[in-house]
Amino acid sequence: MSTWFRKINWLTLLIPVISVFLGLLCGAVIMLAGGYNPLLAYGSIIQSIFLQPYYGGETIRAMIPLVLSGLAVAFAFRTGLFNIGVEGQLMAGWLASVACAIELDGLPKVILLPLSIIVGGLVGGLWSFLPGLLKARFKVHEVISTIMMNYIALYSTAYIIKNFLYTEGERTPTIPSSASLASNFLATITQGSRLHWGFIVAIIAVVVMWFLLWRTTMGFELRSVGFSPDASRYAGMNVSRNIILSMTISGVFAGLAGAMEGLGTYQYMSIMSSFSGIGFNGIAVALLGMNTPIGVVLSGALFAGLQTGGLTMQSVAGVPTDLIQVVIALIIFFVGSSYAIKWIWLRMSRKGRKS
Amino acid sequence: MSFFQVLTIIIPSTLLTAAPLIFTSLGGVFSERSGVVNIGLEGLMWVGAFTGAVATLFLEHAGVGAASPWIAILIAAAAGGIFSLIHAVVSISFHADQTVSGVALNFLATGLTIYLVKMIYNGQGQTPYIANNIDKTTIPVLGHIPFIGPIFFQQVTYTSYIAILFAFICWYILFKTTFGLRLRAVGEHPEAADTLGISVIKLRYIGVMISGVLGGIGGAVYLVTITSNFNISTIAGQGFLALAAMIFGKWHPIGAMLGSLFFGFAQALSITSQQIPYLDRLPSVVLMIAPYVLTLIVLTGFVGKAEPPKADGVPYFKGQR
């Protein structure tokens, strides 16, 4: 127990905590500059999430796609890949799951629901397979190719909905109830929130990521390629195959996130003129969670809470919800600047020891 | 409709949509040539468009009149430059991952600008429309040349020609001056440049700030020539399109300009294709995704290899081998 306790790198754990603190602090300064009351604003967030069942339910609901897209980013990160394309993979998975549910209406729920979820995941994986292939085969940087794939997804999904699955209100028809994750029970106990059974999928995904990466040979190879592609190649691993594999699995997580939105939260897909933002938030979730499954859950909870509570913050303290986006951005900056934070921390602790 | 008429629709429309992309992609060239990846171009355009709108409205209110959008572009340039300092400090001085910093910059820009808009305009999610935008005009003398005039010099804005001129200025600065040589050296082999007494840090700061200035101009130009008001969907991917244009142009100013013009052309086609015979049968989505698909193809190296500067994206630690 004590050796395990000592093995934890406290400084590394401290970085996310310091980053969150600094991010919230800067957010408070911005609120003060705008003439708002930061204590009232943050207080209203905490109050609503923990004391009002509706906002509590909505927070867990928002966590589902955030955690899944966070897992997607984190999984690719472990192999040294930066998947900015979660947004596009999410849209592809969202549309695929909704289309599957609508087209195969009539199948019993035991088949249709899992099938729609799987199709969503697979299409998400397909969407990231291509950047993986381009990276492995042609050395195309995945950051650029996934950004391009995001826009291809944005415009193609809009086109497909408009021409093949269109219904009034600029969206697809509602999915049949036999493919829905929504639950009256969950809605009732949270006073009418959109909480759905997707949280079980998210929990399974968290366990799967942990198991794949830390308990299988495949996961060992993936992480090894992330640490050092050259050493891995020298050790006889197929680096190209691992890159493609990692990107594809990452995309499956992203596709599942989309399926959760399609089958759970909304029950349809709208024609989108811009991105949902969930995929980009996934980057923040993964970074703050230090690319570990548990970290992703914790940071997913934090960001989901901030975003849901942001709505009450607007009505109670009058602060525009967009401040939450600013706070999240600042937190990423601070996490990214961990080098500087570590340096300052070591400087200060060394000084402390001297005196 | 004759081919000539088609050209008089498409070419001016191309020039209009390409101008903001040209400015922004040129900014990207400076940043990446100095060795700093700039995914934050989108965010810089947000800041530019926001500043462009607010400054124009303020100047109009102060009675400046028709000159307001032009002055607003300059103010937006300064705002973009200042905003890009965040990216510079975090990714150069703090050695953060440049992609991470760029992503955060986009987050910050979208959140902060809309937050400020709501604060300034009493909770509304958009600014009022500006009264003095930069309109399409006929350029004197050149516009009256038969044939060429109606295609290239009528129904155009001056900003498009300034943008093209900027591309040549940027080419001159990057490839014909000492400063340009040093900037490129820092992006290719910072250790060697450092050994020769060139400050890697300073040049990278300058590279990023130039990208901020040009990104700010790009956003402001987009606002005063195309949308006329700022809201959450004003800048929707133009920054990433500019990034694609820069890669499409192989990190070269003239290439970036041509890439931007080409992407502008694709966008102009997708908007005007309904009026053009034959093209109206093509699904508009093909033209919408064409720039992105083409960029992917260029990157695979089928049409000449696009290779980034050697040290692009690598934080520089002094004294580290």
Side-chain angles (χ1 to χ4, degrees), chain A residues 30-31 33-36 82 84 130-131 134 137-141 143-145 147-160 162-163 273-275 277 280-281 283-284 287 314 318-341 343, chain B residues 37 39 43 86-87 89-91 93-119 123 125 232-233 236-237 240-241 243-244 247 270 283-289 291-296 299-302 305-306 308 312-313 315:
Chain A
I30 295 172
M31 279 191 258
Y36 302 111
F82 200 150
I84 296 202
L130 188 69
L134 291 177
R137 180 78 181 75
F138 301 105
K139 295 204 175 359
V140 177
H141 203 295
V143 167
I144 305 299
S145 59
I147 288 175
M148 301 300 129
M149 292 298 283
N150 277 347
Y151 283 95
I152 296 173
L154 179 67
Y155 296 125
S156 340
T157 51
Y159 176 78
I160 291 170
K162 199 171 261 172
N163 289 280
S273 57
S274 61
F275 293 117
F280 291 125
N281 281 324
I283 299 170
L287 286 171
Q314 184 158 18
V319 183
T321 45
D322 309 272
L323 183 88
I324 297 301
Q325 188 84 356
V326 175
V327 170
I328 293 179
L330 292 168
I331 292 175
I332 312 177
F333 274 125
F334 288 120
V335 174
S337 309
S338 58
Y339 172 84
I341 295 183
W343 187 80
Chain B
V37 167
I39 303 282
I86 302 173
H87 184 45
V89 170
V90 172
S91 63
S93 298
F94 293 170
H95 308 286
D97 185 301
Q98 296 169 2
T99 309
V100 169
S101 171
V103 168
L105 198 73
N106 291 336
F107 264 63
L108 188 63
T110 49
L112 201 60
T113 49
I114 297 296
Y115 173 81
L116 288 173
V117 164
K118 284 184 180 164
M119 223 176 77
I232 196 151
S233 58
F240 287 117
L241 200 58
L243 186 79
I247 297 163
S270 69
S284 60
V285 67
V286 174
L287 292 163
M288 296 287 274
I289 65 173
Y292 308 104
V293 176
L294 286 168
T295 305
L296 283 179
L299 281 167
T300 55
F302 290 134
K305 186 79 186 145
D312 201 11

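Numbered from 1 within each chain, the chains take letters A, B, ... in sequence-line order.
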Please flag which part of [X] lies under 4.5 Å from any non-hydrogen atom of chain A: side chain, backbone, both or neither.
X	result
B/Ile39	side chain
B/Ser101	both
B/Leu116	neither

task: Step by step, work out the side chain to side chain contact (heavy atoms under 4.5 Å, CB included) result for A/Phe82 and B/Val100.
output: CA-CA 9 Å; A/Phe82 200 150; B/Val100 169; 3.8 Å; yes
- request: Output all residues satisfying side-chain contact (heavy atoms from CB on, under 4.5 Å) with A/Asp322, sequence neighbours left out; order by chain, then residue number.
  value: A/Pro320, B/Ile114, B/Tyr115, B/Lys118
query: Going through the checks in order, is the side chain to side chain contact (heavy atoms under 4.5 Å, CB included) test met by A/Val143 and B/Val37?
result: CA-CA 10 Å; A/Val143 167; B/Val37 167; 5.8 Å; no
- prompt: Which region of A/Leu287, side chain (C-beta onward) or backbone (N, CA, C, O), has a non-hydrogen atom less than 4.5 Å from a non-hydrogen atom of chain B, or is it both or neither?
  reply: side chain
query: Which answer fits A/Phe334, side chain, backbone, both or neither, if we ask what part of it has an atom under 4.5 Å from a heavy atom of chain B?
result: neither
- prompt: So which of A/Trp343, A/Phe333, A/Phe275 has the biggest tally of heavy-atom pairs under 4.5 Å with chain B?
  reply: A/Phe333
message: Please rank A/Gly336, A/Ser156, A/Pro131 by heavy-atom pairs under 4.5 Å with chain B and give me the top one.
response: A/Gly336
Intermediate values then yes/no, side chain to side chain contact (heavy atoms under 4.5 Å, CB included), B/Thr99 and A/Ile84: CA-CA 9 Å; B/Thr99 309; A/Ile84 296 202; 3.7 Å; yes
query: What residues form a ring-ring contact (aromatic ring centres under 6.0 Å, His included) with B/Phe107, not counting sequence neighbours?
result: none
